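Working notes for the structure below.
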Amino acid sequence: MRAHPQECCEHAEHCRELARTATNAEARASYLETAHSWEQLAAEIEGAQAFIRTMAEIVGRGESGQPGQAEPEAA
């Protein structure tokens, strides 16, 4: 299963909607806490995706710093 930040944000929004309609403070606080957790997860996924893209670019360049250049094999 692949996680998407947008889906997490949608879940967070749904939790905020539930918080707005909650009939007691405890339920409202729980929904808001869950919304915050979904937002944090979205941010973590975005950060991980950015890291993966950066690493893929670095690996694609090799140590020479040139795109598509692989490291020479050791003799």
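Small disclaimer: the values here were computed from a predicted structure and weren't measured.
- Pairs engaging residues 21-37 under the salt bridge (Lys or Arg N to Asp or Glu O under 4.0 Å) rule: none recorded [sequence neighbours left out].
- Once rounded to the nearest 0.5 Å, the distance linking CE of Met55 with CD of Glu57 reads 10.5 Å.
- The side chain to side chain donor-acceptor pair (under 3.5 Å) pairs that include a residue from residues 13-22 are Glu13-Arg16, Glu13-Arg20, Arg16-Glu39, where partners are two or more places apart or lie in different chains.
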Subject >> Audit row: Cys15, Leu32, side chain to side chain contact (heavy atoms under 4.5 Å, CB included) steps and yes/no >> reply: CA-CA 7 Å; Cys15 289; Leu32 291 174; over 6 Å; no

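- Screening residues 29-60 for ring pair (Phe, Tyr, Trp, His ring centres under 6.0 Å) gives His11-Trp38 as the qualifying pairs, with residues at least two apart or on separate chains.
- Separation of atoms NE2 (His4) and CD (Glu46) is listed at 12.5 Å; rounding is to 0.5 Å.
- Contact annotation: the side chain of Glu44 never approaches that of Pro5 to less than 4.5 Å [non-hydrogen atoms, C-beta and beyond].
- Interatomic distance, Ile45 CD1 to Gln6 CD, rounded to the nearest 0.5 Å: 11.5 Å.
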